[in-house]
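The block underneath contains the structure these notes are about, expressed in structure tokens.
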Amino acid sequence: MKNLLITGGAGFIGSHVVRLFVNKYSNYKIINLDLLTYAGNLENIKDIENADNYKFVKGDICDAEFILELFQKENITDVIHLAAESHVDRSISDPFSFVKTNVFGTVTLLNAAAKCWKKNLSNHIFYHVSTDEVYGSLGEEGFFLESTPYDPQSPYSASKASSDHFVRAWANTYNLQVKISNCSNNYGPNQFPEKLLPLMINNIKNNKPLPVYGQGENIRDWLFVVDHARAIDDIFHMGNIGETYNVGGFNEWKNIDIVKLLCTLMDKKLGRPEGESAKLITYVTDRAGHDHRYAIDASKIKNELGWEPSLQFEEGMKKTVDWYLEHPNWLEHVTSGQYKDYYKKTYLVK
Ligand code: NAD
Ligand code: DAU
């Protein structure tokens with residue numbers, strides 16, 4: 001029996017992790033803690049909200065008193081920590097909110113865990129979900145390994161690198177049993193349409209310009225979100241204490257190529273003449289300090305835990321495009337901000 005606290009479970013990746021754990025582990029109680037910032041949307045997990053082993057709590061990981069009370073009240077036994085500010089462009093215009101949530105928030109959770117678990121530390125796991133961006137930017141060659149030195153380049157990646165360091169410091173100083181994973185770019189259903197792929201899908205659908213930063217030559221390594229959730233499950237249950245696991249798709253794409261692929265897929269889906277959507281591609285000013293290339297070497301998780309991506313990329317992209325086209329209300333609600341009403345209706349009026 002575990003009382004597992006999952007933070008950020010109303011966000012993109014968190015919602016897929018919560019769903020997987022609620023459905024797979026009926027003997028665990030899953031407590032989903034989320035502040036419901038602009039990125040948190042309970043519509044993402046509507047399908048499991050009435051499950052017996054699930055509870056949603058609205059709250060801030062930076063509120064130390066509230067977090068300590070939550071640990072005590074719910075007798076939290078383990079943590080999978082995903083809550084964060086996650087968008088690089090926002091970190092450039094508002095770096096302090098990234099320091100607050102990603103660094104201060106993580107330390108607040110670590111502190112509560114170490115206090116509440118100190119009598120039997122070996123029975124508890126604190127799992128921190130991080131990003132490949134902590135390793136910095138690659139040239140044309142090479143891959144990020146777990147041993148690659150940290151070299152974060154944006155306020156977002158610096159805040160995530162900092163939070164990783166704090167997690168390791170709590171392991172070293174307070175003997176907390178920790179695990180960390182650093183994953184590459186995720187794609188799939190429920191991603192907020194400020195990120196590349198859902199933004200492009202939404203704009204293609206609405207015949208709006210497709211803003212490609214710089215020349216579109218930057219490279220990302222794409223992984224279907226459900227495969228990331230599977231990796232988190234494997235690491236939580238089978239990963240070694242104190243270890244880091246890199247998670248990636250073995251799937252590198254230049255931005256411009258992935259946008260063109262989307263245009264082709266969507267021309268077919270929307271019944272447009274071939275080449276029609278690609279006319280919307282517009283090259284815009286580059287992101288400040290734009291990392292050139294990310295590429296993960298995910299051999300460790302493959303060799304030690306047997307995890308590998310289950311979906312071919314083309315299949316994952318088709319599923320993703322279908323999901324956004326089949327959920328026009330979801331897209332409309334998130335772009336209009338209407339999804340905030342869902343919380344009020346579901347949790348306050350009951
Ligand atoms: P997201 O922005 O979609 O979701 C973040 C969630 O955290 C939201 O539900 C938000 O409401 C919640 N949150 C924010 N501040 C909070 C606070 N103070 N207290 C409680 N909840 C708060 O993010 P995502 O893309 O799902 O990423 C989840 C995690 O995975 C992040 O830690 C991110 O760094 C990491 N990650 C993301 C990717 C990716 O491609 N998206 C890749 C690797 C790692
Ligand atoms: O690598 C993992 C990271 O991937 C996660 O840690 C982050 O939380 C997640 O947001 C993502 O970061 P990126 O900056 O790589 O993702 P984004 O979708 O913002 O951008 C992907 C690439 O596309 C990047 O090179 C910038 C470019 N881009 C992005 C947008 C939003 C464009 O060219 N145009 C755009 O409009």
Side-chain angles (χ1 to χ4, degrees), residues 6-18 32-42 44-45 57-63 66-67 80-92 97-98 100-102 104-106 108-109 128-135 137 144 154 156-157 159-160 163-164 181-188 190-200 203 209-223 225 228-229 231-232 246-249 253-256 258-259 281-287 290-296 334:
I6 300 183
T7 70
F12 167 48
I13 301 170
S15 61
H16 289 274
V17 174
V18 164
N32 173 11
L33 168 66
D34 199 296
L35 185 58
L36 301 183
T37 67
Y38 79 95
N41 180 0
L42 287 172
N44 292 345
I45 33 173
V57 178
K58 183 173 188 279
D60 189 347
I61 57 166
C62 300
D63 182 342
F66 160 76
I67 291 294
I80 302 181
H81 174 37
L82 294 110
E85 288 294 335
S86 69
H87 191 39
V88 174
D89 292 329
R90 286 181 190 254
S91 82
I92 296 168
S97 61
F98 284 68
K100 185 171 176 241
T101 303
N102 299 358
F104 194 82
T106 302
T108 303
L109 288 166
H128 178 55
V129 176
S130 191
T131 171
D132 61 355
E133 300 199 14
V134 299
Y135 299 122
S137 179
F144 294 136
S154 73
Y156 164 68
S157 53
S159 70
K160 291 296 290 188
S163 62
D164 292 6
S181 56
N182 297 85
C183 187
S184 64
N185 286 63
N186 286 212
Y187 72 98
N190 307 100
Q191 189 169 29
F192 195 83
E194 64 185 353
K195 306 277 169 70
L196 181 73
L197 293 183
L199 182 134
M200 296 295 169
N203 285 13
L210 309 179
V212 172
Y213 297 166
Q215 296 306 306
E217 294 291 310
N218 304 66
I219 295 167
R220 298 292 182 264
D221 171 2
W222 295 93
L223 177 68
V225 62
H228 187 191
I232 289 173
N246 280 355
V247 183
W253 283 79
K254 273 187 189 168
N255 291 340
I256 187 62
I258 211 170
V259 171
I281 292 173
T282 311
Y283 293 94
V284 299
T285 310
D286 209 351
R287 172 184 279 172
H290 197 169
D291 287 342
H292 175 63
R293 173 172 166 254
Y294 306 142
I296 281 278
V334 291

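Atoms within a ligand are numbered from 1 in the order they appear, just like the ligands themselves.
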Is [X] close enough to touch ligand 1? Criterion: a residue heavy atom under 4.0 Å from a ligand atom.
X: S184; value: yes
X: G105; value: no
X: N185; value: yes

Number the atoms of ligand 1 from 1 as they appear, then name those within less than 4.0 Å of a heavy atom of [X], with their elements.
X: V129; value: 30 (O), 32 (O)
X: G59; value: 19 (N), 20 (C)
X: T37; value: 10 (C), 11 (O), 14 (C), 15 (N)
X: D60; value: 17 (C), 18 (N), 19 (N)
X: F12; value: 3 (O), 25 (O), 26 (O)
X: S130; value: 43 (C), 44 (C)
X: N186; value: 39 (C), 40 (O), 42 (C)
X: L82; value: 28 (C), 29 (C), 31 (C), 32 (O)

**Asked** In Å, rounded to the nearest 0.5 Å, how long is the span from CZ of F66 to OG1 of T108?
**Response** 11.5 Å

**Message:** I need the D291 CG to R220 CZ distance, nearest 0.5 Å.
**Reply:** 6.0 Å

**Message:** Between D34 and K58 (salt bridge meaning N to carboxylate O under 4.0 Å), is one present in this structure?
**Reply:** no

**Item:** Per atom 5 (C) of ligand 1, closest listed option by heavy atom (A84, G40, G9)
**Value:** A84

**Request:** Counting heavy atoms only, name the option from V134, T101, L109 that's nearest to atom 15 (N) of ligand 1.
**Result:** T101

If you measure only the distance, is there a donor-acceptor pair under 3.5 Å linking the side chains of [X] and [Y]?
X: Y294; Y: E133; value: yes
X: N190; Y: N44; value: yes
X: H128; Y: T106; value: no

**Prompt:** Just by distance, do the side chain of S184 and the backbone of D221 share a donor-acceptor pair under 3.5 Å?
**Reply:**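 Yes; at least one donor-acceptor contact below 3.5 Å.
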
**Asked** Donor-acceptor pair, S159 side chain versus Y156 backbone, under 3.5 Å?
**Response** yes

**Message:** Is it true that, when you exclude K100 itself, more than 12 heavy atoms of the residues, nucleotides or ligands shown sit nearer than 6.0 Å to its NZ?
**Reply:** no

**Item:** First-shell residues of ligand 2 [heavy atom, distance under 4.0 Å]
**Value:** S86, H87, V88, T131, D132, E133, Y156, C183, S184, N185, E194, K195, L196, L199, P211, V212, Y213, N218, R220, N255, R287, H290, Y294

For [atom], find the nearest protein heavy atom and state the residue, atom name and distance (0.1 Å precision).
atom: atom 36 (N) of ligand 1; answer: I13 CD1, 3.9 Å
atom: atom 4 (O) of ligand 1; answer: G11 CA, 3.5 Å
atom: atom 11 (O) of ligand 1; answer: D34 OD1, 2.5 Å

Taking non-hydrogen atoms only, is [X] closer than 4.0 angstrom to ligand 1 via side chain, backbone, both or neither?
X: H87; value: neither
X: Y156; value: side chain
X: L36; value: backbone

**Request:** Flag the pair V334 / F192 as yes when at least one side-chain heavy-atom distance between them is below 4.5 Å, and no otherwise.
**Result:** yes

